[in-house]
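The analysis underlying the following values was restricted to heavy atoms, covering all of them including side chains, and did not include hydrogens, waters or symmetry mates. Per chain, numbering begins at 1; letters A, B, ... match sequence-line order.
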Amino acid sequence: MTKYLLKRFLYSIFIVVFGSLLVYSVLRLLPTSYFEKIALERAQAPGAPSYAEILSSLNKIYGMDTDIVSGFIKWGKNAIQGDFGVSWEYSIPVVEKFKQVIWYSIFLNIVTLLIQTFISIPLGVLAARKQYSKTDYFVTFVSIVCISMPTFFLATILKYIFSVKLGWFDLFGIVGRYYEQLDIWGKILDMAKHLVLPVTTLAMLNIGGLMRFTRTNMLEVLNADYIRTARAKGLSENVVINKHAFRNTMIPLVTYFSYLIPNMFTGSFITETLFQIPGIGYISYYALIHGDIPFAMFYSVLIIILTQVSLLVADFMYAVVDPRVRID
Amino acid sequence: MTDSIKTSSTKKNPNYISASESRKISSENRRITDALEKKYNRKHVPESEYLTTMKDPNNTVEFDDLHTYFFTDIGTVRAVDGVSFAVPQGKTVGIVGESGCGKSVTSLSLMQLVQRPQGQIVRGQIRFNLGDKAYDIAKMPGNMMEKIRGNEVSMIFQEPMTSLNPVFRIGDQINEVIMLHYPEKSEAEVRDHSLHMLDLVGIANPEGIYMRYPHELSGGMRQRVMIAMAIACDPKLVIADEPTTALDVTIQAQILDLFRNLKEKINSSIMLITHDLGVIAEMADFVVVMYAGRIVEKGTANEIFLHPAHPYTVGLMASKPVVNRKVDRLYSIPGSVPSPIHMPDYCYFRDRCDRRFDMCNGPYPAEFQLSDTHKVSCYHYRDGAASNRALHNNGFEILN
Ligand SMILES: Nc1ncnc2c1ncn2[C@@H]1O[C@H](COP(=O)(O)OP(=O)(O)O)[C@@H](O)[C@H]1O
Ligand code: SF4
Ligand SMILES: [Mg+2]
């Protein structure tokens with residue numbers, strides 16, 4: 001157990017270090033940089049020093065005048081102490097910005113997770129129980145539609161129907177125009193209303209896959225010999241499905257859910273951007289396209305670390321639901 | 001592409017069917033199985049619908065002209081096609097035949113565990129004697145069947161490695177069946193009962209095994225657990241479907257010993273399906289020989305072993321492994337079984353039979369009676385074919 005953890009830990013460190021070095025190198029090598037843009041702007045001001053002068057002084061101030069490796073080492077030294085620097089784009093410490101926006105993403109993802117789980121798992125089980133029935137075909141059809149739909153397309157359709165045509169929801173944003181004037185319940189309701197379309201989009205994107213995943217696993221489990229044994233005992237079909245089959249179907253599902261952990265903290269890039277939900281996905285998107293290296297580094301390292309954690313959690317969860325699996 | 005499909009279907013090659021044919025078959029199947037499933041899933045069915053009377057009250061179960069078909073996309077598989085035999089109370093009936101001949105489907109029909117919805121009992125009766133009354137299992141709805149399964153009739157399967165649920169402890173899995181059928185028992189009583197069962201099937205350390213998970217046990221141990229579960233509720237009939245086939249030879253012997261012991265200790269009837277004719281000879285009171293979904297010969301163990309009549313039975317006996325003589329395949333009778341989808345109307349064994357004669361081109365032979373208990377479906381034993389019957393009854397050894 002300790003040996004396993006240690007091995008896993010060293011392995012993770014290795015991945016985190018080289019993963020962030022890779023990201024850092026790519027960011028440094030981007031053909032356009034944040035400072036080039038700034039320098040270009042400042043150089044146009046009357047009486048300003050030349051573009052090249054401004055650029056080199058900016059680079060010096062922000063430590064971008066070094067080569068990639070020493071720049072990375074410098075960044076790493078600070079990062080280990082929890083100092084990720086000040087975001088260039090947002091002009092406040094990176095961690096500060098993260099704390100401000102992360103809750104939107106967590107909330108969005110938890111609600112989505114609950115909704116998609118409560119819709120897709122029962123439907124997947126039902127489809128498996130009634131394989132090749134009308135219900136099954138319907139579920140399969142819906143899954144395939146959901147799986148094949150690109151986010152931007154789905155979001156646009158939903159916006160068109162529910163915002164433009166029906167006018168039920170705002171097109172984007174997390175709060176309405178009169179948010180500040182509302183009482184506490186009004187504020188909650190207002191935010192909830194703004195989350196309906198993003199949650200629907202995200203849920204629909206995942207429901208298809210999760211439904212098929214559940215159905216496939218359930219079908220496999222239902223063909224297992226121990227299910228026949230359970231039936232041979234005289235157990236009712238509901239007990240057979242909900243106790244004997246479901247526990248076994250859970251085994252692969254647990255991994256699936258463990259992989260969703262990083263999602264929770266990394267936000268949903270596309271959906272948040274499309275709906276302009278100021279979560280971590282949306283904020284990072286702008287940091288990235290503007291070449292905000294401190295923020296981009298923080299975000300990437302976060303993803304890498306969380307992915308490692310989720311792998312560990314998945315292993316643990318496997319051992320929890322499947323007695324055949326031992327962690328060692 | 002379309003052309004080639006067309007030609008193959010117009011030629012009526014039984015190995016190919018076109019996509020449209022398959023679609024037609026499957027929608028027709030859907031119609032048939034939906035109706036049967038609806039009937040099976042009804043909630044409130046008057047008992048009178050499946051109440052029946054035994055032909056002989058001394059029998060535990062009577063199969064009467066049982067037909068169990070699988071409605072598949074390539075056609076109807078007649079897995080069991082008119083099987084009739086009885087299991088007398090407290091007796092052991094052995095069922096033999098090559099794999100695929102319908103032994104498992106016959107026993108699964110009795111449990112109502114044939115794979116739904118494609119597998120269905122389409123005709124015939126399975127009369128089950130509950131002592132004070134008898135039910136026709138073929139007509140029983142699902143929710144009533146749950147009271148019989150595991151309680152009055154139970155089954156031990158071929159694959160002990162996969163037949164126990166991997167995520168539950170052994171103890172819990174045995175407790176489950178006891179709690180289900182004896183709801184009045186307290187938790188402690190259920191536990192004691194389970195431990196007693198583990199002890200009964202020769203598990204040396206019941207308390208230890210009680211807490212184990214299936215994967216921590218060997219195949220032989222798991223099969224013992226399966227047996228403990230099967231006899232836990234003192235059923236009237238235990239079906240053992242090739243209970244040792246998947247095990248090592250030494251373990252096989254132990255499990256068979258256990259069966260022999262249990263036969264004395266429990267008063268259930270046993271339906272024993274096995275490849276091992278030696279076991280049948282030793283344990284069975286009656287033997288049923290199946291071939292391609294039908295019974296070709298049945299009788300007491302003595303009759304079948306000392307006076308096998310059907311050429312197929314004779315072949316089986318000849319291919320029985322003898323001590324010091326290794327046989328690679330148990331049933332090495334040349335030729336193959338007709339496709340269960342396109343059964344011809346002549347003796348199914350004809351193409352492999354070394355005793356066929358002109359009559360064998362006629363329709364499938366009826367069942368001819370050699371004694372009160374001994375019946376065979378072969379034209380050599382037709383009524384009036386005195387010479388053969390006389391010869392046979394005098395102990396004519398076809399083998400020699
Ligand atoms: N689920 C199924 N679907 C279609 N055909 C089946 C199914 N189960 C069994 N059969 C067919 O039924 C026949 C009898 O099978 P079975 O009773 O398992 O044979 P065995 O005598 O070896 O136990 C076989 O021809 C097999 O192909
Ligand atoms: S009826 Fe004819 S073909 Fe069939 S087993 Fe008897 S002799 Fe052989
Ligand atoms: Mg079988």
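- For Thr162(B), the parts sitting under 4.5 Å from any heavy atom of chain A are the backbone and the side chain alike.
- With respect to chain A, the highest number of heavy-atom pairs below 4.5 Å among Lys147(B), Met161(B), Gln173(B), Met145(B) belongs to Gln173(B).
- Contacts between Met226(B) and chain A at a heavy-atom distance below 4.5 Å involve the side chain alone, from C-beta outward.
- Evaluation of the side chain to side chain contact (heavy atoms under 4.5 Å, CB included) rule for Arg8(A) yields Tyr4(A), Leu311(A), Leu312(A), Asp315(A) as partners, not counting sequence neighbours.
- Highest contact tally toward chain B, considering only Ile227(A), Leu235(A), Val321(A), is held by Leu235(A) [criterion: heavy-atom pairs under 4.5 Å].
- Residues in residues 132-151 of chain A take part in these salt bridge (charged side-chain N to carboxylate O under 4.0 Å, His left out) pairs, two or more places apart or across chains: Asp136(A)-Arg215(A).
- Around CD of Glu47(B), the count of heavy atoms belonging to other residues, nucleotides or ligands within 6.0 Å exceeds 12.
- Under the 4.5 Å side-chain criterion, counting only non-hydrogen atoms from C-beta, Thr229(A) is in contact with Met229(B).
- Highest contact tally toward chain B, considering only Lys243(A), Gln131(A), Glu237(A), is held by Lys243(A) [criterion: heavy-atom pairs under 4.5 Å].
- With a 4.5 Å cut-off on non-hydrogen atoms, Ala232(A) touches chain B through its backbone and its side chain both.
- For Arg30(B), the part lying near chain A is the side chain, with the backbone staying farther off; criterion is any non-hydrogen pair under 4.5 Å.
- With a 4.5 angstrom heavy-atom cutoff, Leu164(B) touches chain A only via backbone atoms.
- Residue Gln115(B) touches chain A through its side chain alone, counting heavy-atom pairs closer than 4.5 Å.
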Stepwise side-chain contact (heavy atoms from CB on, under 4.5 Å) test for Glu159(B) and Arg228(A): CA-CA 11 Å; Glu159(B) 305 85 7; Arg228(A) 191 179 53 187; 3.3 Å; yes
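- Inspection of the His244(A) and Glu176(B) side chains reveals an N or O donor paired with an N or O acceptor under 3.5 Å.
- For Asn248(A), the side chain to side chain contact (heavy atoms under 4.5 Å, CB included) criterion is met by Val221(A), Tyr226(A), Ile251(A), Arg324(A), Asn165(B), Pro166(B), Val167(B), not counting sequence neighbours.
- You'll find the side chain of Lys233(A) stays beyond 4.5 Å of the side chain of Arg149(B), heavy atoms only.
- Residue-environment remark: CD (Glu220(A)) stays at or below the threshold of 12 foreign heavy atoms within 6.0 Å.
- Below 4.5 Å, heavy atoms of chain B meet no heavy atom from residues 104-129 of chain A.
- Remark: Thr33(B) OG1 to Tyr132(A) OH distance equals 13.0 Å, nearest 0.5 Å.
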